[in-house]
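Every chain is numbered from 1, with letters handed out A, B, ... down the list of sequences.
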Number of protein chains: 2
Amino acid sequence: MSLQRLKQRVLKNPEVKAEYDKLEDEFNLIDQLLTMRSKAGLTQEQVAERMQTNKSNISRLERGNANPSWSTLLKYAHACGFELSLQAQKMH
Amino acid sequence: MSLQRLKQRVLKNPEVKAEYDKLEDEFNLIDQLLTMRSKAGLTQEQVAERMQTNKSNISRLERGNANPSWSTLLKYAHACGFELSLQAQKMH
DNA sequence: TTCTTGGTTATCATATATGATAACTCTAGT
DNA sequence: ACTAGAGTTATCATATATGATAACCAAGAA
(Lines give C-alpha, C1' and ligand atoms only; values in the text may rest on other atoms or scores of the structure.)
Protein backbone atom coordinates (compact mmCIF):
# COMPACT_ATOMS: atom_id res chain seq x y z
CA MET A 1 0.00 0.00 0.00
CA SER A 2 2.25 2.76 1.23
CA LEU A 3 5.08 1.01 -0.54
CA GLN A 4 3.22 1.31 -3.79
CA ARG A 5 2.49 4.91 -3.05
CA LEU A 6 6.09 5.61 -2.30
CA LYS A 7 7.20 3.91 -5.48
CA GLN A 8 4.67 5.94 -7.40
CA ARG A 9 6.00 9.21 -6.10
CA VAL A 10 9.60 8.26 -6.36
CA LEU A 11 9.19 7.20 -9.96
CA LYS A 12 7.92 10.61 -10.87
CA ASN A 13 11.45 11.84 -10.53
CA PRO A 14 12.81 11.22 -14.05
CA GLU A 15 16.30 10.46 -12.85
CA VAL A 16 15.16 8.00 -10.27
CA LYS A 17 12.87 6.41 -12.82
CA ALA A 18 15.76 5.97 -15.22
CA GLU A 19 17.76 4.18 -12.58
CA TYR A 20 14.82 2.06 -11.60
CA ASP A 21 14.28 1.06 -15.18
CA LYS A 22 17.82 -0.23 -15.41
CA LEU A 23 17.32 -2.81 -12.75
CA GLU A 24 16.41 -6.10 -14.37
CA ASP A 25 16.49 -8.14 -11.24
CA GLU A 26 14.27 -10.73 -9.76
CA PHE A 27 11.18 -8.87 -8.71
CA ASN A 28 7.89 -10.23 -7.68
CA LEU A 29 5.25 -10.46 -10.34
CA ILE A 30 3.61 -7.12 -9.63
CA ASP A 31 6.91 -5.32 -9.67
CA GLN A 32 7.68 -6.83 -13.03
CA LEU A 33 4.38 -5.60 -14.40
CA LEU A 34 4.89 -2.12 -13.00
CA THR A 35 8.38 -2.02 -14.40
CA MET A 36 7.19 -2.90 -17.87
CA ARG A 37 4.57 -0.17 -17.86
CA SER A 38 7.01 2.27 -16.39
CA LYS A 39 9.51 1.56 -19.13
CA ALA A 40 6.82 1.90 -21.75
CA GLY A 41 5.77 5.23 -20.30
CA LEU A 42 2.11 4.35 -20.56
CA THR A 43 -0.83 5.09 -18.32
CA GLN A 44 -3.12 2.37 -17.05
CA GLU A 45 -5.76 3.68 -19.39
CA GLN A 46 -3.49 3.40 -22.41
CA VAL A 47 -2.53 -0.14 -21.51
CA ALA A 48 -6.19 -0.92 -20.99
CA GLU A 49 -7.06 0.32 -24.46
CA ARG A 50 -4.38 -1.82 -26.05
CA MET A 51 -5.59 -4.81 -24.09
CA GLN A 52 -9.17 -4.05 -25.04
CA THR A 53 -10.30 -3.67 -21.48
CA ASN A 54 -10.78 -0.98 -18.85
CA LYS A 55 -8.37 0.90 -16.72
CA SER A 56 -9.94 -0.33 -13.51
CA ASN A 57 -8.99 -3.86 -14.43
CA ILE A 58 -5.41 -2.82 -14.98
CA SER A 59 -5.36 -1.24 -11.57
CA ARG A 60 -6.73 -4.40 -10.05
CA LEU A 61 -4.10 -6.41 -11.88
CA GLU A 62 -1.27 -4.21 -10.62
CA ARG A 63 -2.47 -3.82 -7.06
CA GLY A 64 -4.68 -6.56 -5.75
CA ASN A 65 -2.31 -9.43 -5.16
CA ALA A 66 -2.66 -10.64 -8.67
CA ASN A 67 -2.92 -14.14 -10.00
CA PRO A 68 -3.32 -13.47 -13.71
CA SER A 69 -3.46 -16.09 -16.42
CA TRP A 70 -0.62 -16.55 -18.85
CA SER A 71 -2.62 -14.96 -21.65
CA THR A 72 -3.32 -11.91 -19.51
CA LEU A 73 0.36 -11.57 -18.74
CA LEU A 74 1.12 -11.84 -22.44
CA LYS A 75 -1.46 -9.23 -23.36
CA TYR A 76 -0.12 -6.87 -20.73
CA ALA A 77 3.46 -7.35 -21.83
CA HIS A 78 2.59 -6.85 -25.48
CA ALA A 79 0.62 -3.73 -24.62
CA CYS A 80 3.79 -2.41 -23.01
CA GLY A 81 5.89 -3.46 -25.97
CA PHE A 82 7.53 -6.49 -24.45
CA GLU A 83 7.85 -10.11 -25.36
CA LEU A 84 7.45 -12.51 -22.50
CA SER A 85 8.89 -15.84 -21.55
CA LEU A 86 9.38 -17.94 -18.49
CA GLN A 87 12.66 -18.25 -16.75
CA ALA A 88 13.07 -21.38 -14.68
CA GLN A 89 16.04 -21.91 -12.47
CA LYS A 90 16.73 -25.02 -10.51
CA MET A 91 16.14 -24.77 -6.80
CA HIS A 92 18.74 -26.17 -4.48
CA MET B 1 -0.94 -34.31 -31.05
CA SER B 2 1.52 -36.40 -33.04
CA LEU B 3 4.17 -33.87 -32.23
CA GLN B 4 3.62 -34.47 -28.57
CA ARG B 5 3.67 -38.19 -29.18
CA LEU B 6 6.88 -37.92 -31.10
CA LYS B 7 8.46 -35.83 -28.40
CA GLN B 8 7.35 -38.36 -25.85
CA ARG B 9 8.99 -41.22 -27.67
CA VAL B 10 12.08 -39.30 -28.54
CA LEU B 11 12.60 -38.26 -24.95
CA LYS B 12 12.67 -41.85 -23.88
CA ASN B 13 16.06 -42.10 -25.44
CA PRO B 14 18.28 -41.01 -22.54
CA GLU B 15 20.86 -39.43 -24.79
CA VAL B 16 18.32 -37.44 -26.70
CA LYS B 17 16.71 -36.41 -23.46
CA ALA B 18 20.02 -35.15 -22.15
CA GLU B 19 20.49 -33.01 -25.21
CA TYR B 20 16.95 -31.77 -25.06
CA ASP B 21 17.42 -30.81 -21.45
CA LYS B 22 20.36 -28.65 -22.35
CA LEU B 23 18.40 -26.41 -24.59
CA GLU B 24 17.24 -23.42 -22.61
CA ASP B 25 15.79 -21.53 -25.49
CA GLU B 26 12.62 -19.67 -26.04
CA PHE B 27 9.99 -22.36 -26.11
CA ASN B 28 6.32 -21.97 -25.96
CA LEU B 29 4.75 -22.31 -22.58
CA ILE B 30 3.91 -25.97 -22.84
CA ASP B 31 7.38 -26.88 -23.95
CA GLN B 32 8.78 -25.07 -20.96
CA LEU B 33 6.55 -27.04 -18.66
CA LEU B 34 7.45 -30.33 -20.29
CA THR B 35 11.12 -29.47 -20.08
CA MET B 36 10.90 -28.78 -16.38
CA ARG B 37 9.23 -32.07 -15.66
CA SER B 38 11.62 -33.87 -17.94
CA LYS B 39 14.60 -32.42 -16.12
CA ALA B 40 13.05 -33.33 -12.80
CA GLY B 41 12.50 -36.86 -13.99
CA LEU B 42 9.02 -36.95 -12.52
CA THR B 43 5.80 -38.52 -13.74
CA GLN B 44 2.62 -36.55 -14.09
CA GLU B 45 1.29 -38.40 -11.11
CA GLN B 46 4.26 -37.43 -8.96
CA VAL B 47 3.93 -33.80 -9.95
CA ALA B 48 0.22 -34.01 -9.26
CA GLU B 49 0.85 -35.29 -5.75
CA ARG B 50 3.26 -32.48 -4.99
CA MET B 51 0.75 -29.98 -6.34
CA GLN B 52 -2.03 -31.58 -4.34
CA THR B 53 -4.09 -32.39 -7.37
CA ASN B 54 -4.67 -35.24 -9.81
CA LYS B 55 -2.65 -36.51 -12.70
CA SER B 56 -5.43 -35.86 -15.16
CA ASN B 57 -5.18 -32.17 -14.43
CA ILE B 58 -1.48 -32.23 -15.10
CA SER B 59 -2.10 -33.87 -18.42
CA ARG B 60 -4.66 -31.24 -19.29
CA LEU B 61 -2.19 -28.56 -18.30
CA GLU B 62 0.55 -30.00 -20.48
CA ARG B 63 -1.57 -30.82 -23.50
CA GLY B 64 -4.74 -28.81 -23.88
CA ASN B 65 -3.50 -25.47 -25.07
CA ALA B 66 -3.01 -24.25 -21.59
CA ASN B 67 -3.71 -20.88 -20.11
CA PRO B 68 -2.72 -21.46 -16.51
CA SER B 69 -2.66 -18.84 -13.80
CA TRP B 70 0.58 -17.57 -12.36
CA SER B 71 0.06 -19.51 -9.16
CA THR B 72 -0.48 -22.71 -11.10
CA LEU B 73 2.74 -22.13 -13.00
CA LEU B 74 4.53 -21.52 -9.74
CA LYS B 75 3.13 -24.68 -8.18
CA TYR B 76 4.12 -26.72 -11.18
CA ALA B 77 7.63 -25.29 -11.25
CA HIS B 78 8.12 -25.84 -7.55
CA ALA B 79 6.87 -29.39 -7.86
CA CYS B 80 9.59 -29.90 -10.45
CA GLY B 81 12.17 -28.23 -8.26
CA PHE B 82 12.41 -24.95 -10.09
CA GLU B 83 12.05 -21.34 -9.18
CA LEU B 84 10.15 -19.25 -11.66
CA SER B 85 10.30 -15.69 -12.87
CA LEU B 86 9.24 -13.66 -15.84
CA GLN B 87 11.63 -12.60 -18.49
CA ALA B 88 10.52 -9.57 -20.46
CA GLN B 89 12.40 -8.38 -23.47
CA LYS B 90 11.58 -5.28 -25.41
CA MET B 91 9.96 -5.82 -28.76
CA HIS B 92 11.18 -3.85 -31.70
C1' DT C 1 -2.18 -63.04 -22.58
C1' DT C 2 -2.45 -60.42 -18.40
C1' DC C 3 -0.83 -56.81 -15.40
C1' DT C 4 1.21 -52.51 -14.40
C1' DT C 5 2.58 -47.91 -15.29
C1' DG C 6 2.29 -43.43 -17.49
C1' DG C 7 -0.52 -40.65 -19.94
C1' DT C 8 -5.07 -39.08 -22.12
C1' DT C 9 -9.83 -37.74 -22.49
C1' DA C 10 -14.53 -36.59 -21.01
C1' DT C 11 -17.45 -34.66 -17.71
C1' DC C 12 -19.28 -32.11 -13.92
C1' DA C 13 -19.02 -28.94 -9.96
C1' DT C 14 -16.84 -25.08 -8.00
C1' DA C 15 -13.64 -21.47 -7.50
C1' DT C 16 -11.78 -17.55 -9.42
C1' DA C 17 -10.14 -14.40 -13.13
C1' DT C 18 -11.84 -11.10 -16.15
C1' DG C 19 -15.06 -7.51 -18.23
C1' DA C 20 -17.85 -3.60 -17.39
C1' DT C 21 -19.57 0.35 -15.01
C1' DA C 22 -19.67 3.88 -11.61
C1' DA C 23 -18.09 6.60 -7.85
C1' DC C 24 -14.27 7.96 -5.49
C1' DT C 25 -9.32 10.03 -4.09
C1' DC C 26 -5.31 12.60 -5.00
C1' DT C 27 -2.37 15.58 -7.44
C1' DA C 28 -0.95 19.09 -10.59
C1' DG C 29 -2.24 22.96 -13.17
C1' DT C 30 -4.76 27.04 -14.32
C1' DA D 1 -11.71 27.27 -6.18
C1' DC D 2 -12.09 24.64 -10.16
C1' DT D 3 -10.70 21.30 -13.58
C1' DA D 4 -8.56 17.42 -15.72
C1' DG D 5 -5.79 13.37 -15.50
C1' DA D 6 -4.21 9.16 -13.29
C1' DG D 7 -5.25 5.71 -10.30
C1' DT D 8 -8.25 3.19 -6.85
C1' DT D 9 -12.10 0.67 -5.07
C1' DA D 10 -16.58 -1.68 -5.02
C1' DT D 11 -19.77 -4.44 -7.30
C1' DC D 12 -22.01 -7.49 -10.44
C1' DA D 13 -22.20 -10.67 -14.40
C1' DT D 14 -19.87 -13.96 -17.09
C1' DA D 15 -16.17 -16.63 -18.77
C1' DT D 16 -12.86 -19.87 -17.70
C1' DA D 17 -9.35 -22.32 -14.83
C1' DT D 18 -9.10 -25.82 -11.58
C1' DG D 19 -10.46 -30.02 -8.76
C1' DA D 20 -12.28 -34.54 -8.83
C1' DT D 21 -13.64 -38.85 -10.68
C1' DA D 22 -13.87 -42.42 -13.98
C1' DA D 23 -12.90 -44.76 -18.18
C1' DC D 24 -9.78 -45.24 -21.62
C1' DC D 25 -5.17 -46.09 -24.55
C1' DA D 26 -0.35 -47.59 -25.33
C1' DA D 27 3.76 -49.72 -24.15
C1' DG D 28 6.58 -52.78 -21.64
C1' DA D 29 7.26 -56.76 -18.48
C1' DA D 30 6.11 -61.11 -16.40
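- Between R37(B) and dG6(C) there is no side-chain N or O to OP1 or OP2 distance below 4.0 Å.
- Shown here are the side chain to side chain contact (heavy atoms under 4.5 Å, CB included) partners of E49(A), two or more places apart in sequence or in another chain: E45(A).
- The distance between atom CD of E45(B) and atom P of dT21(D), rounded to the nearest whole Å, is 13 Å.
- In this structure, R63(A) places its CZ atom 11 Å from P of dG7(D), rounding to the nearest Å.
- Taking atom CD1 of I30(A) as the reference point, atom P of dA17(C) lies 12 Å away to the nearest angstrom.
- Here dA10(D) presents its P atom at 15 Å from CG of N57(A), a figure rounded to the nearest Å.
- In this structure, of dA20(D), dA17(C), dT18(C), it is dA17(C) that holds the atom nearest to the side chain of N67(A).
- Sorted by residue number, the members of residues 49-56 of chain B with any non-hydrogen atom under 4.0 Å from DNA chain D read Q52(B), T53(B), N54(B), S56(B).
- Annotation: the span from R63(B) atom CZ to I58(B) atom CD1 amounts to 14.0 Å, rounded to 0.5 Å.
- Atom-to-atom, CG of L73(A) to C1' of dA17(C) comes out at 12 Å; the value is rounded to the nearest Å.
- Here the CG atom belonging to L74(A) is positioned 5.0 Å from the NE2 atom belonging to H78(A), to the nearest 0.5 angstrom.
- Contacts of S59(B) with the nucleic acid, taken as non-hydrogen atoms under 4.0 Å apart, include base atoms.
- With hydrogens and angles ignored, a donor-acceptor pair under 3.5 angstrom links the side chain of R60(B) to the base of dG19(D).
- Y76(B) and E62(B) are linked by a side-chain donor-acceptor pair at a separation below 3.5 angstrom, with hydrogens and angles left out of the test.
- Rounded to whole Å, atom P of dA20(D) lies 15 Å from atom CG of L61(B).
- Remark: S59(A) pairs with no residue by the side-chain hydrogen bond (donor to acceptor under 3.5 Å, both in side chains) rule, at least two apart or across chains.
- Within residues 76-84 of chain B, no residue is approached by DNA chain C to less than 4.0 Å at the level of any non-hydrogen atom.
- Applying the side chain to side chain contact (heavy atoms under 4.5 Å, CB included) test to S56(B) and every residue at least two apart in sequence or in another chain returns N54(B).
- A straight line from CD1 of I58(B) to P of dA20(D) spans 11 Å, rounded to a whole angstrom.
- Rounded to a whole Å, the CG atom of L34(A) is 10 Å from the P atom of dG7(D).
- Considering only residues two or more places apart in sequence or on other chains, R60(A) meets the side chain to side chain contact (heavy atoms under 4.5 Å, CB included) condition with N57(A).
- Nearest nucleotide to the T43(B) side chain, out of dT18(C), dG7(C), dA6(D): dG7(C).
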